[in-house]
Amino acid sequence: MHTKIIKIESETTDIGEAADLIRAGELVAFPTETVYGLGADALKADAARKIYAAKGRPSDNPLIVHIADFSQLEYIAAKVPKEAKILADAFWPGPMTLIVPKNGRVPYETTGGMDTVAVRMPNHPVALRLIRESGCLIAAPSANRSGKPSPTEAGHVFCDLDGRIPLILDGGAVGIGLESTIVDLTEETPMILRPGYINKAMLEEALHTEVKLDPGLAGADSVERPKAPGMKYKHYAPDADLIVVEGKSADVVETINALVLEMKEAGKKTGVIAASETRERYRADHVVSIGAREDEDAIARHLYKLLREFDALRVDVIYSESFQTPRIGQAIMNRLVKAAGHQVIKVEKPPERQNERNDETV
Ligand code: AMP
Ligand code: MG
């Protein structure tokens with residue numbers, strides 16, 4: 001199959017071909033504000049099945065249904081929890097996905113066999129136009145091969161899915177760069193199943209109630225399985241071994257440089273992901289800056305692109321600083337630690353040394 005790319009030049013660029021493909025039960029990759037999605041008609045079982053095949057995605061990992069109007073959530077939900085309207089009013093269109101009970105209109109192929117459905121209204125003109133022009137609700141997971149970092153540019157989609165899908169809408173680089181916050185509204189208390197740009201405090205402020213965090217998200221430290229089926233898979237991973245190092249800034253630099261030296265002596269090619277402030281202090285073969293520490297939006301936006309670039313550089317091992325930033329740090333660290341397969345080194349130097357260096361924890 002030839003994969004065509006249509007470059008979106010303006011709000012009037014013709015996307016009729018994409019809308020026709022969706023209506024015909026075919027796949028189209030398109031930009032959203034979070035990451036690129038791989039879309040198909042959410043209410044056609046055969047169309048949803050094609051998404052799993054193209055991505056190599058396990059069939060028990062449900063898809064997110066993209067809508068352009070709140071009435072479309074009502075159309076596919078068995079029940080609309082009161083929190084859904086409040087959160088939609090506060091954050092839609094935007095990077096938040098709501099889990100609600102599904103009705104019979106949604107095939108189990110779309111929900112990975114679950115009786116609940118994930119729904120989101122994306123804040124991107126091309127995504128909204130595609131939903132409206134096709135007249136379909138569009139099921140779309142991230143448009144990467146399963147296990148790879150999510151695509152934040154059309155080129156990433158092409159790299160992963162060339163020859164496997166008929167069309168990519170190229171709307172340029174995405175704005176946020178991390179997948180949506182997933183909020184489960186099917187239990188008594190709303191629960192975050194996947195952290196994202198919309199954080200716990202923002203949700204609680206809108207709802208005026210407590211919001212829980214899925215205890216299964218604690219990863220290697222957790223005894224529980226994550227509630228979002230997709231969160232249990234190895235994910236977002238670069239080809240190289242990735243290790244996250246946490247601690248005071250100077251200790252992290254010292255530890256990473258020692259590890260880099262060890263690896264170099266063993267004949268390995270090394271990479272480092274650093275904030276722009278510490279970039280110059282590393283001695284690895286490839287040191288990349290993810291952005292300034294205060295600019296957490298930039299850190300989020302660059303993460304997946306950097307992980308993909310390291311694949312092209314063919315490094316053997318990547319060390320990354322840790323980015324526990326105030327607003328979206330939880331989402332950034334969730335993806336980074338998952339990409340690292342939970343390999344995290346916590347550097348704790350003796351107290352007398354910590355006093356010497358009165359610097360921040362990274
Ligand atoms: P992706 O769009 O590729 O980031 O994948 C969608 C994410 O949403 C995966 O982590 C899924 O497990 C999660 N998800 C979708 N539907 C549901 C659902 N009904 N219940 C819980 N998690 C869901
Ligand atoms: Mg994904």
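First listed ligand is number 1; within each ligand, the first listed atom is number 1.
When only modelled atom types and interatomic distance are considered, Y304 and N144 share no side-chain donor-acceptor pair under 3.5 Å. Using a 3.5 Å distance cut-off with no hydrogens or angles, the side chains of S180 and T97 do pair a donor with an acceptor. There is no side-chain donor-acceptor pair under 3.5 Å between N199 and Q330. Of the N and O atoms on the side chains of E321 and Y282, at least one donor lies less than 3.5 Å from an acceptor on the other residue. When only modelled atom types and interatomic distance are considered, R120 and T34 share a side-chain donor-acceptor pair under 3.5 Å.
Of all atoms in ligand 1, listed by their number and element, those nearer than 4.0 Å to a heavy atom of T116 are 18 (C), 19 (N), 20 (N). Residue-ligand proximity, L193 to ligand 1, at heavy-atom distances under 4.0 Å covers atoms 21 (C). Each of the atoms 1 (P), 2 (O), 3 (O) of ligand 1 lies under 4.0 Å from some heavy atom of P141. Every atom of ligand 1 with a heavy atom of M114 under 4.0 Å away is listed here by number and element: 18 (C), 19 (N), 20 (N). Distances below 4.0 Å separate heavy atoms of I182 from the following atoms of ligand 1: 7 (C), 8 (O), 13 (C). Close approach to A118 involves these atoms of ligand 1, each under 4.0 Å from a residue heavy atom: 15 (C), 16 (N), 17 (C).
Considering backbone and side-chain atoms alike, K227 places every N or O at 3.5 Å or more from each N or O of ligand 1. Any N or O atom pair closer than 3.5 Å counts here, and N61 shares at least one such pair with ligand 1. Of the N or O atoms in P62, none lie within a sub-3.5 Å distance of an N or O in ligand 1.
Contacts of D184 with ligand 1, taken as heavy-atom pairs under 4.0 Å, are absent altogether.
K148 and D311 are joined by a salt bridge, as a carboxylate oxygen and a charged side-chain nitrogen come within less than 4.0 angstrom of each other.
When the options A228, S142, P101 are ranked by their closest heavy atom to atom 1 (P) of ligand 1, first place goes to S142.
For the Mg ion (ligand 2), the N/O/S atoms of N144 include none lying under 2.8 Å.
Judged by distance alone, the side chain of K55 and the main-chain N or O of S142 form a donor-acceptor pair under 3.5 Å.
Residue contact check for ligand 1: K102 places no non-hydrogen atom closer than 4.0 Å to it. The shortest heavy-atom distance from I64 to ligand 1 is under 4.0 Å.
Other residues, nucleotides and ligands place no more than 12 heavy atoms under 6.0 Å from the CD atom of E205.
For the pair V174 and E33, the minimum side-chain heavy-atom distance is 4.5 Å or more.
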